[in-house]
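Counting starts at 1 for both ligands and their atoms, in listed order. No experiment lies behind these values; they were computed from the predicted model shown.
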Amino acid sequence: MTRHDTVHDLVGIGIGPFNLGLACLTDPVDDLDAVFLDAADGFAWHHGMMLDDATIQVPFMADLVTMADPTSPFSFLAWLKETGRLYPFYIREDFHPLRSEYDAYCRWAADRLDTLRWGRRVTAVEHDVTTDLFTVHAETDQGPETYRARHVVVGIGTEPVVPEPLRGIGGPAIHSAEYLPNREALRTAGSIAVIGSGQSAAEVYRDLLEDVRRHDYRLDWITRSPRFFPMEDTKLTLEMTSPEYTDHFHALPEPVRDRLGREQRGLYKGISADLVDELYDQLYRISARGPVPTSLRTETSVVDAAWLADRGTYRLTLRHEQLGETYEHEVERLVLATGYAPRPTSFLDPVEHLVARDARGRFAVARDHHVDRLGGRIWVQNAEEHTHGLTAPDLGMGAWRNASIIRSVTGRSVYGLEERIAFQEFGLPATRPSTPCPVTERAEVTA
Ligand SMILES: Cc1cc2nc3c(=O)[nH]c(=O)nc-3n(C[C@H](O)[C@H](O)[C@H](O)COP(=O)(O)OP(=O)(O)OC[C@H]3O[C@@H](n4cnc5c(N)ncnc54)[C@H](O)[C@@H]3O)c2cc1C
């Protein structure tokens with residue numbers, strides 16, 4: 001057992017973009033001692049979906065630091081300059097970097113930090129009432145280690161999720177998170193079905209559609225969504241990725257937040273509008289040489305699935321949601337682009353008595369992102385969609401959240417924090433004295 005006796009101000013668990021951003025923003029703060037642990041051997045951003053022509057869905061300023069500190073040496077522009085890509089990026093005139101560039105940029109930033117510890121899987125977090133310090137336990141190839149800290153920031157992100165009845169069906173089915181390593185094997189099949197309707201599903205379908213003739217397979221795209229809907233990124237809607245909309249959302253009663261959370265999924269879980277149109281143009285182009293061996297099915301749920309090893313196929317039972325009728329569909333390979341869910345935080349079990357939870361057992365995340373009952377010692381990143389709304393997974397709000405956590409941990413505003421950025425007002429007009437009124441009813445009254 002290696003005990004690191006240093007008492008850190010902050011230990012970050014997980015080094016995805018959000019905690020990596022925190023590491024970059026805490027690096028120049030001399031009186032803040034932070035260390036970050038990750039189970040992986042190094043930074044790797046969604047390598048299973050690192051398609052050549054894929055871009056990130058946010059502008060380059062949504063990098064690790066710029067929205068908190070545009071002068072930071074860890075900015076995307078600094079990486080472009082150092083790698084000789086600044087002028088080509090400038091001439092390219094597209095705010096959205098390639099996904100591979102974002103990954104390379106994050107690895108470049110990670111290589112410049114001495115506060116990152118890779119190959120550390122955190123297994124437990126304990127709290128000592130006498131010292132009022134946390135002990136973070138991590139497994140490494142060289143044995144267990146412990147770190148001591150005043151604050152813990154949990155940034156372990158999301159993991160692929162497979163809904164019933166597709167869970168555990170066996171056979172060669174893959175989640176889209178593993179698409180690239182399986183790309184060539186999929187092309188040897190006679191038929192492939194992509195299940196799901198988000199950006200990943202569309203990118204996988206586009207990539208497979210391009211080779212539908214060359215490799216002679218049938219390609220199905222199946223989704224229970226009513227249509228292949230675009231992400232909504234019009235500018236007034238984008239104003240909802242803002243501190244003040246997050247204030248508004250966080251202050252709403254839980255049932256209203258939960259309803260809004262479901263309703264707002266379409267805003268950021270759809271497909272980029274350009275890609276939807278590009279897919280149509282791709283189908284049009286391929287159809288010029290005859291019928292395209294593909295089907296695109298909306299309003300279609302998978303109600304049952306079985307791997308038929310003797311036939312080397314899956315038998316899917318599909319239900320058309322509007323018609324309510326079911327039918328069977330056979331296909332050799334499945335790509336499950338069925339999304340992601342927050343990773344479990346069982347390592348917090350030893351401090352569960354300190355963790356605030358709502359009636360459904362979810363983190364009761366305070367507006368400043370702490371989840372403990374000690375007034376701000378355990379913080380979460382990208383685990384607060386149910387309390388903070390659509391800004392939780394958004395790279396564009398990562399730097400703001402990190403600046404806010406740093407303010408809470410240090411007790412001072414190290415980085416400027418915008419309180420208002422939008423032209424819209426999301427709650428009651430600030431000018432009119434707010435008369436307490438149940439929000440839900442208010443919706444009706446408004447109408
Ligand atoms: C394919 C894809 C593309 C996306 N593109 C965009 C985009 O363009 N724009 C946007 O705004 N959002 C995008 N997102 C959403 C979101 O920004 C990303 O999921 C982002 O990676 C979340 O970052 P994170 O820091 O929360 O966690 P992750 O990136 O999920 O990183 C979590 C880290 O925690 C580590 N970890 C987990 N458990 C432990 C443990 N017990 N101990 C130690 N380490 C642990 C993991 O090894 C991992 O490195 C995308 C998501 C996906 C899946």
| said: Check this for me, if you would: do Glu384 and Arg367 make a salt bridge, where the nitrogen-to-carboxylate-oxygen distance has to be below 4.0 angstrom? | reply: no
| field | Partners meeting side-chain hydrogen bond (donor to acceptor under 3.5 Å, both in side chains) with Asp349 (sequence neighbours left out) | value | none
| field | Criterion side-chain contact (heavy atoms from CB on, under 4.5 Å) against Val136, the qualifying member of Thr146, Leu37, Thr123 | value | Leu37
| query | Just checking, is any N or O donor in the side chain of Tyr105 or Thr83 under 3.5 Å from an acceptor N or O on the other one? | reply | no
Pairs under 3.5 Å, N/O atoms on ligand 1 and on the protein: can you put them in a table with the distances?
{"unit_1": "ligand 1", "atom_1": "8 (O)", "unit_2": "Gln57", "atom_2": "N", "d": "2.6"}
{"unit_1": "ligand 1", "atom_1": "11 (O)", "unit_2": "Leu395", "atom_2": "N", "d": "2.8"}
{"unit_1": "ligand 1", "atom_1": "17 (O)", "unit_2": "Pro393", "atom_2": "O", "d": "3.1"}
{"unit_1": "ligand 1", "atom_1": "19 (O)", "unit_2": "His46", "atom_2": "NE2", "d": "3.3"}
{"unit_1": "ligand 1", "atom_1": "21 (O)", "unit_2": "Trp45", "atom_2": "NE1", "d": "2.7"}
{"unit_1": "ligand 1", "atom_1": "21 (O)", "unit_2": "His46", "atom_2": "NE2", "d": "3.2"}
{"unit_1": "ligand 1", "atom_1": "25 (O)", "unit_2": "Pro17", "atom_2": "N", "d": "3.4"}
{"unit_1": "ligand 1", "atom_1": "25 (O)", "unit_2": "Phe18", "atom_2": "N", "d": "3.1"}
{"unit_1": "ligand 1", "atom_1": "26 (O)", "unit_2": "Asn382", "atom_2": "ND2", "d": "2.8"}
{"unit_1": "ligand 1", "atom_1": "41 (N)", "unit_2": "Val122", "atom_2": "O", "d": "3.2"}
{"unit_1": "ligand 1", "atom_1": "42 (N)", "unit_2": "Val122", "atom_2": "N", "d": "2.9"}
{"unit_1": "ligand 1", "atom_1": "44 (N)", "unit_2": "Ala39", "atom_2": "N", "d": "3.1"}
{"unit_1": "ligand 1", "atom_1": "47 (O)", "unit_2": "Asp38", "atom_2": "OD1", "d": "2.8"}
{"unit_1": "ligand 1", "atom_1": "49 (O)", "unit_2": "Asp38", "atom_2": "OD1", "d": "3.4"}
{"unit_1": "ligand 1", "atom_1": "49 (O)", "unit_2": "Asp38", "atom_2": "OD2", "d": "2.7"}

| query | Taking atom types as modelled, is there a side-chain donor on Thr237 or Thr234 under 3.5 Å from an acceptor on the other? | reply | yes
| Salt bridge between Arg257 and Asp358, side-chain N to carboxylate O under 4.0 Å? | no
